[in-house]
Amino acid sequence: MTQAELRLCSLLLQEHFGEIVEKVGNSLLRTGPRPLRLLVGDTGLLPDQVKKALCVLIQHNLVRYEVQPRGSVEYEARSERILRILRYPRYIYTAKTLYGDPGELLVEELLLHGHLSMSCAVARVADRLTETMEDGKTMDYSEVSSTFVRLADTHFIQRCPMVPESPRSAKAPPPPAPALVIAEKDMYIVPRLSLVGKGKRRHSCDEEEEGEHKAKRQKQEGGTSETPPDDGIYWQVNLERFHQHFRDQALVSAVASRMDQTSSEVVRTMLRMSEVTTASGASHTQPLSSNEIFRSLPAGYNIGKQVLDQYLALLADDPLEFVGKSGDSGGGTYTVSILWGELDVTRGPGASRAPPSPFQHLSLIPLLLRRFGSRCARIFRLLLRKKHLEQKQVEDFAMIPAKEAKDMLYRMLSENLVSLQEIPKTPDHAPSRTFYLYTVNVMAAARMLLHRCYKSVANLMERRQHEMRENKRLLEKSQRVEAILASMQATGAEAAQLHEVEEMITGPERQQLETLKRNVNKIDASENQVDETIFVLESFIESTMKRP
Amino acid sequence: MAGRGRGRGRGQMTFNVEAVGIGKGDALPPPTLQPSPLFPALERRAAPLPGGEEGEYMLALKQELRRAMRGLPYFVKPGAPRRDIERYSDKYQLSSPVDSAIDWNPDWRRLPRELKIRVRRLRKGRTAPLVPKQHVALDKEETIKKLESLEKKEEEVTSEEEEEKEEEEEGKEEEEEEYDEEEHEEETDYVLSYFDNGESFGPDSDDNGDEAVY
């Protein structure tokens, strides 16, 4: 865990869960897995507070526990999961684009609460949707639960590991902590529930109804304390599946930018067909025959079979090798290469020189373009292709004057994006008789960039918090004024009185508020943007490490 | 050892500088004598942020999420700081529940047993902490307690409030009682100990007997 990651994790925890949880999480992250009493000693908090914080963290899957052989329970923080908090808006937005409002709210509730049972989630979402609908209409549970089932079928949500059902003998003491297990095949099975009901609207201004319902509600609360039918079955969001989806989106857009819209549609269809059948971490999708692809093309695209075959051939021939041909049965079978890193060199003829991977085009090069200029990017791309080059060769191939080339190379060298490789001609490594070659170490460069990204997000968050702290007084004042305005409007005040209350915030203060809002929005949008880069870099590093 | 002197051969490096491109007599940049500036000059402006519907929606989502998470029971707030003086408004403020209680209901079967917090019961008639009514799922114990307390509500209205006050300021009970006593003695607004009613002044008192009276 690097310092930058630690700092970012603790900022995220503090912002979303408060100071106490941050202290506990910090201690766990810095010192590794430990039992409860050591944790209490480390953080200096009250034991009850530490317990509360641990419950919150476990609820949100940020900390896991393990029973040690000697009977104590050790807690371990999951740093990579904590960093995902940054990506929550992206998950929710994706769910919205795929499944509409019920899907969006379901994913949001699951993310906010860590894990929920199906009946609970459906009830909450139906209530929330009912709030936004017009008076008199309510959202039925069935629509929400059908969206839930669809989410589970496409693996976007999964079941949490469950308490084992083994009957224990009365004599053996129960273990200090349950060992939660779940089988892979059970993960997406939705229990058969008949959830009947409609969303409830919160009647805040209807006092009579409240008086009546109070008595009923108490009885109902007594009733809901009985076990609901799906007791013990909790659901959580399957982040890996969302990542898979983002990766598919990135691939499709890369193809679209390189070729045209139709070819990107073809690739999208292929990816969609193999969504659920591809194991996570595989380098290629399952082979799909062109007949199948033709059948599954979306309705709007009525291109002929011949045209489809031509597109597939074009895609397969492309040096970036997004799509590979893997056989001839059924009119030619094709796979999409979904590995971020270098492609498998042993696959097929003509692959003697491993081509540059899509990742490099997606992320590293545009970054450099922005930061150092287009000429630096040209040199970098050259080094990626040619692997090792001497100073002189760089100047020649890149067609950049010597002085500028030197300058750019040194700048990139000082940032550790390129490195020098020495090749001695003589055994005594005399400097005048060694070759010095410039080269790019992609993994090192990726890691360094990732570290920088973490640092930048942490800086952005701190700056945003600083801005809010500076203007705290003004923000509170504006909130109070808004509250006054709202209550006055509710009781029906005249326009003059409202105007008078509005005047409480002076012109310059209004300007200040505007500036603050603009800055905070900008910082938030930047955080989202950096998170996208973090996603690409992390996936690249992970997949390259996994590759045997 | 050879090569460590500072006089001859200053500025030599282990590799051949010509190979890297620094020719003889080229002006090298001056040595840096201070840490790099905090905000180095930006040579190129950053690319504009992607706007559009998606970007704005995600922005709104992010801010919504932050705001919502602060309101959830998972946001663990530190206990209210002990005030040095009891204030009148404390009676009417929604106090946060006692530190040891958990506002939400986790499934205790899934958590290690040591994390379960015993909710202390101070008195038999103690109501559940002032949990706002939005929390639908109350613990069974708390529901029973609430029903019990509702039964006795008429008799114990005032005593409940006193109990809550005593819970919040456990250590201040003695002072409270003293304060009450003083007030009840004469039922004035003034604290009697601050007021010297002059009984000890004059020839009657023994304190000033030694001093001359002017």
Side-chain angles (χ1 to χ4, degrees), chain A residues 15-21 36 46 48-49 51-56 58-60 65 67 73 88-90 92-93 96 108 111-114 163 174 176-178 180 218 221-222 224-225 232 234 370-371 373 391 402 406 409 420 422 430-432 434-436 521-522 524-529, chain B residues 13-22 43-47 49-51 54-66 68-70 72-79 98-104 106-107 109-117 134 136-140 143 146-147 150:
Chain A
E15 198 164 62
H16 294 271
F17 296 109
E19 298 266 337
I20 296 179
V21 175
L36 179 62
L46 300 171
D48 280 342
Q49 287 177 324
K51 286 184 197 170
K52 211 169 168 187
L54 277 173
C55 283
V56 169
I58 295 177
Q59 167 84 11
H60 283 86
Y65 59 85
V67 184
V73 182
Y88 282 3
R90 202 169 169 196
I92 301 175
Y93 181 70
K96 185 187 169 84
E108 189 178 333
L111 284 172
L112 281 179
H113 293 268
V163 183
L180 303 173
Q218 298 231 324
E221 279 168 11
T224 49
S225 60
Y234 294 97
R370 276 289 150 191
R371 199 154 180 107
Q391 164 93 31
K406 241 190 281 178
L409 275 171
L420 272 175
E422 291 179 10
S432 57
T434 27
F435 289 115
Y436 291 96
N521 282 353
K522 225 185 227 178
D524 270 332
S526 322
E527 286 176 27
N528 283 341
Q529 181 70 8
Chain B
M13 285 182 250
T14 51
F15 57 95
N16 185 8
V17 287
E18 277 171 4
V20 194
I22 308 173
E43 289 162 16
R44 268 171 204 65
R45 294 188 67 105
L49 289 168
E54 184 178 336
E56 285 180 15
Y57 196 80
M58 296 234 289
L59 178 65
L61 267 177
K62 193 178 166 84
Q63 293 177 337
E64 251 319 292
L65 220 59
R66 251 206 317 266
M69 278 198 143
R70 285 190 175 250
L72 282 178
Y74 307 116
F75 195 93
V76 178
K77 303 188 190 66
V98 185
D99 266 325
S100 48
I102 279 197
D103 293 348
W104 45 288
D107 189 355
R109 295 169 295 179
R110 295 175 62 91
L111 294 171
R113 269 179 318 158
E114 59 186 5
L115 289 183
K116 186 152 187 169
I117 301 172
Q134 282 97 323
V136 174
L138 289 177
D139 207 5
K140 264 193 214 166
T143 324
K146 204 164 188 170
L147 289 173
L150 281 171

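- Scanning all heavy atoms of the two residues, the minimum distance from A/C55 to B/L111 falls at SG-CD1, 4.1 Å.
- Between A/Y93 and B/Y57, the gap from one ring centroid to the other is short of 6.0 Å.
- Across all their heavy atoms, B/M69 and A/H16 have their closest contact at SD-ND1, 3.0 Å.
- For the atom pair A/E527 CD and B/M58 CE, the distance stands at 11.5 Å (nearest 0.5 Å).
- Heavy atoms of A/N528 lying under 4.5 Å from chain B belong exclusively to its side chain.
- With sequence neighbours excluded, the residues satisfying side chain to side chain donor-acceptor pair (under 3.5 Å) with A/D524 are A/R464, B/Q63, B/R66.
- Counting all heavy atoms, side chain and backbone alike, B/R70 lies closest to A/E15 at NH2-O, 3.8 Å.
- Under the side chain to side chain donor-acceptor pair (under 3.5 Å) criterion, A/H113 pairs with A/E109, B/Y74, not counting sequence neighbours.
- Between chain B and the options A/L36, A/V21, A/L54, the largest number of non-hydrogen pairs under 4.5 Å is found for A/L36.
- With a 4.5 Å cut-off on non-hydrogen atoms, B/L72 touches chain A through its side chain but not through its backbone.
- Among A/L409, A/L111, A/I92, the residue with the largest count of heavy-atom pairs under 4.5 Å with chain B is A/I92.
- Heavy atoms of A/K522 lying under 4.5 Å from chain B belong to its backbone as well as its side chain.
- Contacts of A/I58 with chain B are made by side-chain atoms alone, with heavy-atom separations under 4.5 Å and no backbone atom involved.
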When you look at A/E108 and B/L65, which way does the side chain to side chain contact (heavy atoms under 4.5 Å, CB included) test go after all the steps?
CA-CA 9 Å; A/E108 189 178 333; B/L65 220 59; 4.2 Å; yes

